[in-house]
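We use all heavy atoms of the structure for the numbers below, so side chains are in, but hydrogens, waters and symmetry mates are not. Predicted, not measured: the structure shown is a model, and the values here were computed from it.
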Amino acid sequence: MSADSAAAGRDALLDELRALMAAHSPPLHALVVPSEDAHQSEYVSERDKRRQFVSGFTGSAGLALITMKEALLWTDGRYFLQAEQQLTNRWKLMRMGEDPPVEVWIADDRPPVNALPVFMQPVEYAGCSVTEKLKELREKLQHEKARGIIIAALDEVAWLYNIRGNDVHYSPVVHSYSIVTLHSAFFYVDKRKVSVEVQNYMTENGIDIKDYNMVQSDTSLLASGQLKGSAVNGSSHGENDMNENSKVWIDSNSCCLALYSKLDQYQVLMLQSPIALPKAVKNPVELDGLRKAHIRDGEAVVQYLAWLDKQMQENYGASGYFTEAKGSQKKEHMNVKLTEVSVSDKLEGFRASKEHFKGLSFPTISSVGPNAAVIHYKPEASSCAELDADKIYLCDSGAQYLDGTTDITRTVHFGKPSEHEKSCYTAVLKGHIALDTAVFPNGTTGHAIDILARTPLWRSGLDYRHGTGHGIGSYLNVHEGPHLISFRPSARNVPLQASMTVTDEPGYYEDGSFGIRLENVLIVKEANTKFNFGDKGYLAFEHITWTPYQTKLIDTTLLTPAEIEWVNAYHSDCRKILQPYLNEQEKEWLRKATEPIAASC
């Protein structure tokens, strides 16, 4: 289907929806179509992409409102350009933070359910048994005098029960709920997804498997203290003997209205999920797995950049990754046409050859020139750009491995970058280094240190419209809370703690021209400081992403001696860590890419 045909189909859909709204009794004045599914997931399955289906806007964040006269789409600053490109003239873009917000929610038709199997995440990768996790959770319930908790976030259910699935693209989760009480545990899922092996595993861990839709009636039973489960620790319990434990814990960020409405207001304990923080603070096994996954991922990205460098020279007359010169015209009889999609598919192929690879962790942002200025750009095979030796290329990508999740961004140029592009790249790199090398006391939030990554850009009157860092799952969601590094007020809520993961990804985007972003994954660690003022203890970062920065994009006159030393040390580590996994040609490319830089006179 052509883009024009698809747009016409969406416009016709608006008319059909409005006819249904008018025919409803009583008539509906508006429909609000959200991005999220019933679990408030960031990434959703095909059947839950209602907002994309209605509007044509493919960004991961946004909300559509359809009235009898207007169709509007709200999204944030990351997607302003993309939305302008994808919405037809019957839609109006509403910029979050600039226009009034939307407060109503509703749903509409969707594709059928796919019964994809649930599988177990072995303790050798999870690092902690279900028994241990349930014990810790029940201690928190007891402390808050709660008789139980309703868990709706898909990654929290997966983490708690050490299971994974394939119900949502890029996130290895299962459409499911969990209810845990002081004596019982329940897993609400389409039973067609559960094998005999998983059934036995759940039984061994004292977890009852129930039909997905039974969570609503069981929420009512939980509220009344009548929810009963199987034997745990040799005895069978109802929940009606817990007079002192009358509260039901929910997290408003993930619990839907359908379940919340089953509870009496007096018994609702509305707090951040007690699973969020233990999931974010990685155990030693998870940290080890993440480090290993990032080495394999770095190997794949270096192989990709070496391959792409060669292809650009052979097919586009590019001077290449290492040489600054304007590209010549495409060769008349070039062997390969390189597009944003075809090269990202090649990158996925390099990753797929690595041990424990399970898929991508989000749609690859493979973007050339002006498209790189669209922060969360998603190339489509039918309309994506061809690579250009004289334009910046930004690639933000990641993968899911059994032992960890990855997310990396590198920005490169295969011709001669302008002085302005180099100064912008260098400012982004300086902010990237400033955050990487930060030392800060325990109790510090990501809101407090976000400024470190922005200050070099601010000095030139530049900035970016997205947060600087987010948590990373352990073979789970690529965006993981509850912590983050951002200018947004929510970044004040949760302090950074040792063994958390967080990304370091400042950027700069010039509409209609280019975009720059650099991203590594960091582990928060205890800092070895000379003093310990206030007995707080201090924290620092360990970077675990391994791929060189393009030195020809760096204006070394703008770097301090300490920053030059950091780049050279990082590149030296890249070379030592990745060389054993590369062939001779790739080793030579990596050697050149990691040659030391020196201060310019």
Side-chain angles (χ1 to χ4, degrees), residues 3 43 46 52 58-60 78-79 81-82 85-86 168-171 293-294 296-316 318 320-321 330 334-354 357-389 391-401 405-414 478-479 503 505 507 509 514-521 545-548 550 586 589:
Y43 294 113
E46 290 299 318
Q52 177 179 326
T58 61
S60 63
R78 297 171 296 170
Y79 297 104
L81 285 175
Q82 181 177 341
Q85 294 168 2
Q86 293 182 329
V168 178
H169 288 319
Y170 312 110
S171 299
H294 279 80
R296 293 193 297 275
D297 205 61
E299 173 193 354
V301 177
V302 165
Q303 289 174 323
Y304 169 64
L305 289 174
W307 169 85
L308 185 57
D309 183 19
K310 182 179 179 182
Q311 295 298 314
M312 290 298 292
Q313 292 182 61
E314 291 181 352
N315 294 286
Y316 289 80
Y321 187 90
K330 288 185 293 184
M334 68 179 186
N335 299 318
V336 180
K337 178 182 178 180
L338 303 176
T339 69
E340 293 167 329
V341 169
S342 69
V343 297
S344 68
D345 289 345
K346 185 69 176 182
L347 173 55
E348 182 175 357
F350 282 118
R351 283 190 164 113
S353 69
K354 308 309 174 197
F357 175 81
K358 301 298 289 184
L360 301 183
S361 56
F362 59 95
T364 298
I365 302 171
S366 175
S367 52
V368 175
N371 292 339
V374 181
I375 297 171
H376 276 194
Y377 172 74
K378 182 182 178 184
E380 302 290 345
S382 61
S383 59
C384 67
E386 189 173 355
L387 266 66
D388 189 323
K391 293 179 181 176
I392 271 179
Y393 173 64
L394 183 156
C395 186
D396 185 347
S397 64
Q400 295 285 5
Y401 301 91
T405 303
T406 69
D407 186 359
I408 174 177
T409 308
R410 289 295 184 266
T411 302
V412 298
H413 199 300
F414 292 102
V478 70
H479 293 160
T503 59
E505 49 179 311
Y509 312 90
F514 65 86
I516 296 165
R517 185 161 63 252
L518 298 172
E519 177 182 20
N520 285 351
V521 172
T545 301
W546 303 109
T547 296
Q550 189 178 32
E586 293 160 351
W589 187 93

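Counting all heavy atoms, side chain and backbone alike, Ala352 lies closest to Phe357 at CA-CD2, 3.4 Å. Across Tyr321 and Asp309, no two heavy atoms sit closer than the pair N-OD1, 2.9 Å. Closest non-hydrogen pair, Asp396 versus Glu519, comes out as OD1-OE1, 3.3 Å. Closest heavy-atom contact between Asp297 and Ala399: OD1-CB, 3.7 Å. Nearest heavy atoms, Pro548 versus Val302: CD-CG2, 3.8 Å. Residues Ser60 and Tyr79 come closest through the heavy atom pair OG-OH, 2.6 Å.
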Legend entry - Evaluation steps, side chain to side chain contact (heavy atoms under 4.5 Å, CB included), between Tyr377 and Leu81: CA-CA 9 Å; Tyr377 172 74; Leu81 285 175; over 6 Å; no
Inset, instruction - Start with the C-alpha gap between Val343 and Tyr304, add the side-chain angles, then the distance that decides, and say whether side chain to side chain contact (heavy atoms under 4.5 Å, CB included) holds. - result: CA-CA 9 Å; Val343 297; Tyr304 169 64; 3.4 Å; yes
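Donor-acceptor pairing under 3.5 Å is recorded for the side chains of Gln400 and Thr405. Donor-acceptor pairing under 3.5 Å is recorded for the side chains of Tyr393 and Ser366. A donor atom on one side chain and an acceptor atom on the other are found under 3.5 Å apart for Gln82 and Thr58. No donor-acceptor contact under 3.5 angstrom links the side chains of Thr406 and Arg351, judged on distance only.
Among the candidates Arg410, Glu505, His294, the single residue satisfying the side chain to side chain donor-acceptor pair (under 3.5 Å) test with Asn520 is Arg410.
Proximity of a side-chain donor or acceptor of Ser342 to a complementary backbone N or O of Leu338 within less than 3.5 Å is not detected.
Of the inter-residue distances, the one linking Leu347 atom CG with Trp307 atom CH2 reads 9.5 Å to the nearest 0.5 angstrom. To the nearest 0.5 Å, atoms CZ (Phe414) and CD (Gln311) are separated by 10.5 Å. Distance check: Ile408 CD1 to Leu518 CG gives 9.5 Å after rounding to the nearest 0.5 Å. Remark: Thr411 OG1 to Ile392 CD1 distance equals 6.5 Å, nearest 0.5 Å. Here Ser367 contributes atom OG and Lys378 contributes atom NZ; the two are 14.5 Å apart, rounded to the nearest 0.5 Å. Distance check: Met312 CE to Leu387 CG gives 5.0 Å after rounding to the nearest 0.5 Å.
Lys354 NZ: more than 12 foreign heavy atoms inside a 6.0 Å radius.
Taking the six-membered ring where tryptophan is involved, the planes of Phe362 and His479 are essentially parallel, since the angle between them stays under 30° and well short of 60°.
Counting heavy atoms from C-beta on, the side chains of Thr364 and Glu348 never come closer than 4.5 Å. Using a 4.5 Å heavy-atom cutoff, the side chains of Tyr509 and Arg517 are in contact. In this structure the side chain of Leu360 never reaches within 4.5 angstrom of the side chain of Ser397, judged on heavy atoms. Tyr316 is listed as a side-chain neighbour of Lys337, based on a closest heavy-atom distance under 4.5 Å. Val368 is not listed as a side-chain neighbour of Glu386, based on a closest heavy-atom distance of 4.5 Å or more.
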